[in-house]
Amino acid sequence: MASERMMQAIGTLERAVDRLEQDVAHYVSAAASPSPSIDVPAARAALRSLDDLIDELKGRTDG
């Protein structure tokens with residue numbers, strides 16, 4: 001059972017990392033353009049998503 005929960009947590013983390021990598025690639029390409037811009041709401045949403053993931057993983061390991 002713990003192994004299944006760990007695998008689920010790893011899968012969730014992998015998806016979050018994939019999303020973060022996509023966001024970073026987008027920001028890097030935006031910064032390379034003549035008029036760099038960052039989608040601030042998307043950046044905040046990504047950070048909130050990571051915070052939620054951390055809270056979720058903590059909840060899974062607490063009991």
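In this structure the side chain of Glu56 never reaches within 4.5 angstrom of the side chain of Asp52, judged on heavy atoms.
Scanning for side chain to side chain donor-acceptor pair (under 3.5 Å) contacts around Thr12 gives Arg15, with sequence neighbours left out. Considering only residues two or more places apart in sequence or on other chains, Arg19 meets the salt bridge (charged side-chain N to carboxylate O under 4.0 Å, His left out) condition with Asp23.
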All N/O donor-acceptor pairs, side-chain side in residues 42-51, below 3.5 Å, sequence neighbours left out:
none

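Taking CE from Met6 and CG from Leu57, the interatomic distance works out to 8.5 Å, rounded to the nearest 0.5 Å. Once rounded to the nearest 0.5 Å, the distance linking CD of Glu14 with CD of Glu21 reads 10.5 Å.
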